[in-house]
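A quick write-up on the structure given underneath.
Keep in mind that what you see is a predicted model, and the values were worked out from it rather than measured.
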Amino acid sequence: MVDPVKCETESGVSRTVVRGAMRVLAAKGLLEPKQRRGTTVRPRADWNLLDSDLLRRQGGSAPTDCFLEDLAEVRATVEPAGARPITQPDGGRHRDRPAHP
């Protein structure tokens, strides 16, 4: 559970700053605020690891094996479709049709 008072004390910032930061993190899906239960950090598996802010923050640390596997899966899905218009004159639109004699 995330303790806002502890965050204020450790960071030396006001309650307003901590609340604003927690709102941003909740909007990005990293935190889950629950009324009467407090705010918890969502499991890393639920995070959008391709979020630009997360990528920027992770730039200083080594990526995990799981992250690299997920990134490879995304690339394997997206890159062939992106390259098709460059490598085939018809953009791959008619690849299932037999060639005309």
Side-chain angles (χ1 to χ4, degrees):
M1 179 157 9
V2 178
D3 182 2
V5 175
K6 187 176 179 181
C7 290
E8 293 169 30
T9 306
E10 288 180 358
S11 302
V13 296
S14 69
R15 181 174 298 164
T16 304
V17 171
V18 171
R19 285 182 183 163
M22 290 178 71
R23 268 195 296 275
V24 169
L25 295 173
K28 290 187 171 291
L30 304 177
L31 297 180
E32 185 173 14
K34 292 183 182 178
Q35 212 166 15
R36 297 188 181 129
R37 296 171 112 191
T39 301
T40 57
V41 177
R42 295 186 67 201
R44 186 177 175 92
D46 294 344
W47 295 3
N48 174 11
L49 297 178
L50 296 177
D51 179 90
S52 60
D53 291 331
L54 283 180
L55 287 171
R56 201 172 306 114
R57 288 289 300 160
Q58 291 180 2
S61 62
T64 64
D65 289 340
C66 182
F67 176 78
L68 293 175
E69 289 169 9
D70 289 346
L71 184 59
E73 183 178 338
V74 169
R75 287 185 64 190
T77 302
V78 174
E79 289 178 359
R84 190 170 296 122
I86 297 168
T87 60
Q88 298 176 358
D90 66 356
R93 289 184 297 273
H94 305 292
R95 63 185 165 161
D96 295 332
R97 293 183 185 173
H100 294 296

To the nearest 0.5 Å, how far apart are [atom1] in [X] and [atom2] in [Y]?
X	Y	atom1	atom2	result
R15	E8	CZ	CD	5.0 Å
E32	R37	CD	CZ	9.0 Å
T39	R23	OG1	CZ	11.0 Å
R42	L25	CZ	CG	12.5 Å

**Prompt:** Same cluster for L71 and V78 if Ile/Leu/Val/Met/Phe/Trp/Tyr side chains link at under 4.5 Å?
**Reply:**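 Linked within one cluster.
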**Shared hydrophobic cluster, W47 / L31 (ILVMFWY, side-chain heavy atoms < 4.5 Å)** = yes
Just so I know, are the side chains of [X] and [Y] near enough to count as touching, which here means a heavy-atom distance under 4.5 Å?
X	Y	value
L54	L30	yes
E69	E73	no
V18	S11	no

**Prompt:** How close do C7 and V2 get, heavy atom to heavy atom, and via which atoms?
**Reply:** SG-CG1, 4.1 Å
